[in-house]
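Quick notes on the structure that follows.
Letters A, B, ... mirror the listed sequences (proteins, then strands); counts begin at 1.
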Amino acid sequence: MQVLSPQFKPRATLALKDASLQAALGKARGGFVDKRAAAAAELPEFEQLREEAKAIKEHTLDHLDFYLERFEERVKAQGGQVHWARNAEDAQRIVLEICRKANAKTVTKGKSMVSEEVGINEVLEQEGIEVIETDLGEYIIQLAKEPPSHIIAPAVHKTKAQVSELFHAHHSKLGLTKVLTEVADLVNEARQVLRGKFFRADVGITGGNFLVAETGSSIIVTNEGNGDLTQTLARVHIVTSGIERVVPTLDDATTFLRLLARSATGQETETYTTVSSGPRRPGDPDGPEEYHVVLVDNGRSKMLAGRFREMLRCIRCGACMNHCPVYGAIGGHAYGWVYPGPMGSVLTPLFVGLDAAYDLPNACTLNGRCQSVCPVKIPLPDLLRELRHMQHEAKLSPWYQRAALAAWGFVASRPRLYHALTGLAVRALGWLGRGRGRFGYLPLASAWTKGRDLPAPQGKTFQEAWRERRGKSS
Amino acid sequence: MSEAREAILGSIRTALKRGPLSQPERQQLESQIATPPHHTRPHFGDDLARRFAAKLESRAATVVAVSRMADASGAVVDYLDRLGLPKAVAAAPALENLEWPQGLAVRFGRAETSDQVSVTPCFAGVAETGSLVLLSGPSSPTTLNFVPENHVVIVRAARIVRHFEDAWDLLRKEAGGIPRTVNVISGPSRTADVEQTIQLGAHGPRRLHVVVVNG
Ligand code: SF4
């Protein structure tokens, strides 16, 4: 997928002015937050589960090689195949080869963020294969030729009216004559059109929320059942999954399942949790004839070494973006790549480069809500701060920022100079602002004063005032 | 792709600053898999069947109870009558021995697009969330769980366990290894992808009806 993260600022500005987008975001905002809060409050064990989930992931990451090999061995024993992809190109080639061998004309897909990350659709389409996203949200944005704007609600930025227009434009050749205005009718329309595709598909591609080393299984959760029709009706089932998704046992996976639905949508459980372990067995009347798992590294094993290892605990629940004021204001597309919101602001610079994603770690108020809701307790604000630090070290921050910080550092480490200069500045500003008590414009502070006034200081520095107070009280 | 495999495993070990694990270390991890650690589970009261039904109903499934297995097929007919559906179902071959009433056309096998109603057995129920655990196999095709618009599931009350972990334990003990597919189903299919409005019957069944057999 094309990386548009370098255009973050102009894209964010456009997003703020986009009336439909703002309407759609306004509808979504409170819902996710309230539902998650209610679901967490209903389960007294929720905090305990978060701690345990974090510990399970840390244990698994410490022995990641072992659990991946264990998983592979079980899959093979059950007649499935495991493929290892170092990077996006490997993953594309592997999936394309499987599809070629299966002589695939039509491929259905359940929602998979990894497949977005490595760009599967583009490669298959270039080969002349029809690729159909079957999650309703994914289907909508596929028609709109847009990337997802949220990792669990990919079409959250679309209004009902926009969906209605899209269906009218794309389904009229399939016989749709009316303009559908009710949600029920829109869902039915998609159901009917996609039914035919499920039955025609040669290959079905799904993600893997979890991989289980104990049983050699991939687990997907959906509410729609689209993942199940995708993998049951196609001749070949391909699972694309990041290497960090493995957990030791079904019991471990259960701890994550208890957290995932509550954190993502505020549900106690999603409607369908499906554990798949290989292809059709002897005597099975249905199910795929082939089962492939593509294990994607794409930079994850490198992440394991350094300061961003904690990011590998992420279970892609989307809670951090649901609680992010920046995401809530601009939506997912402004981030310019596959993963938006706080988790995306950490992952994007690591995947596509500190430079290209320069604005992302900086588009954060460090309010800490994301960390407080993250089911696996990833310290997202710390990681974002770390990225800012690395950008500064790599001299990627603007020269004036670095010059200003260097000057500040020089003065701040010399207390007498600091007191002299701040005393002077405060008095000068106080004198200048003596009329209104605030500034509507101030040179060097225009980014602040463009949107609001800057109060004028009251004549003394904080330290001077503090010293005086202490002098009085003692 | 063994080259990529070695590269990825090598990169993981470099990151972890160690080589492959020793035999005793692997043994240790294997034994942890064989006896999974006991994680925190949600606490709740002892009336499992009641919780099971209430949770399912909270997600728009319907639940009825009958006292004997022989009455289960009657409950299926009642359901068809109530919805005004034709007297025809596709059923899992596992239910071939059930006493099916006269006048009901029952076809055993995988689901076809024309099937409106499917009837399947169930490996276990889970009280924690009100969920059904269905296993694939020669006598229980997976398509029955997803293709027809109405899915009727027959579950014995004695098979309702407390937590998911209890269902996995049954699976390890009784099923002789994990089947190709384990479907955990907690209600009819739904979506909220258009303006967060919940709509039932997105791709899977529009209705889920659960018959609990007490005897
Ligand atoms: S970082 Fe945490 S909150 Fe955000 S998607 Fe990942 S697991 Fe969920």
Proximal component of A/L49, with respect to chain B [non-hydrogen, under 4.5 Å]: side chain
Steps toward salt bridge (Lys or Arg N to Asp or Glu O under 4.0 Å) verdict (A/K158, B/D193): CA-CA 9 Å; A/K158 287 274 181 243; B/D193 274 348; over 6 Å; no
Plane angle bin for B/Y79 and B/H209 - parallel if under 30°, tilted between 30 and 60°, otherwise perpendicular: parallel
Residues in residues 144-160 of chain B that sit under 4.5 Å from chain A, counting heavy atoms only: B/F146, B/V147, B/E149
Side chain / backbone / both / neither for A/T222 at chain B, heavy atoms under 4.5 Å: neither
Chain B contact via A/T249 - side chain, backbone, both or neither, heavy atoms under 4.5 Å: side chain
Whether B/R59 side chain and B/S186 backbone form a donor-acceptor pair below 3.5 Å: yes
Those residues of residues 40-55 of chain B, ordered by number, that approach chain A below 4.5 Å (heavy atom to heavy atom): B/T40, B/R41, B/P42, B/H43, B/R51, B/K55
Under 4.5 Å from a heavy atom of chain B, the part of A/Q267 involved: side chain
Salt bridge (Lys or Arg N to Asp or Glu O under 4.0 Å) assessment of A/R70 paired with A/E73: CA-CA 5 Å; A/R70 178 67 161 72; A/E73 179 197 310; 5.1 Å; no
Segment of A/T271 engaging chain B (4.5 angstrom heavy-atom cut-off): both
Part of A/Y139 lying under 4.5 Å from any heavy atom of chain B: neither
Trace of the salt bridge (Lys or Arg N to Asp or Glu O under 4.0 Å) decision for A/D65 with B/R13: CA-CA 7 Å; A/D65 51 341; B/R13 288 173 188 141; 2.8 Å; yes
Main-chain N/O of A/F66 paired with A/E69 side-chain donor or acceptor, under 3.5 Å: no
Residue A/E214 versus chain B: region with a heavy atom under 4.5 Å: both
Toward chain B, the part of A/T232 with a non-hydrogen atom under 4.5 Å: side chain
Centroid-centroid under 6.0 Å between A/Y67 and A/H59 rings: yes
Check: A/F32 ring centre within less than 6.0 Å of A/H150 ring centre: yes
Proximal component of A/T254, with respect to chain B [non-hydrogen, under 4.5 Å]: side chain
Which portion of A/I243 sits near chain B, non-hydrogen atoms under 4.5 angstrom: side chain
Per-residue contact mode, A/P44 against chain B (heavy atom under 4.5 angstrom): neither
Region of A/Q78 in contact with chain B, defined by heavy-atom distances below 4.5 Å: side chain
Side-chain donor or acceptor of B/D169 paired with backbone N/O of B/D166 under 3.5 Å: no
Polar contact flag, side-chain donor to acceptor under 3.5 angstrom, B/T142-B/R180: yes
No-hydrogen, no-angle side-chain donor-acceptor test under 3.5 Å, A/W84 and A/E72: yes
A/F46 portion near chain B, given a 4.5 angstrom heavy-atom threshold: neither
B/T129 versus A/T269, side-chain donor and acceptor atoms under 3.5 Å: no
Side chain, backbone, both or neither of A/I219 within contact of chain B (heavy atoms, under 4.5 Å): neither
N/O donor-acceptor pair under 3.5 Å between A/H292 side chain and A/V82 backbone: no
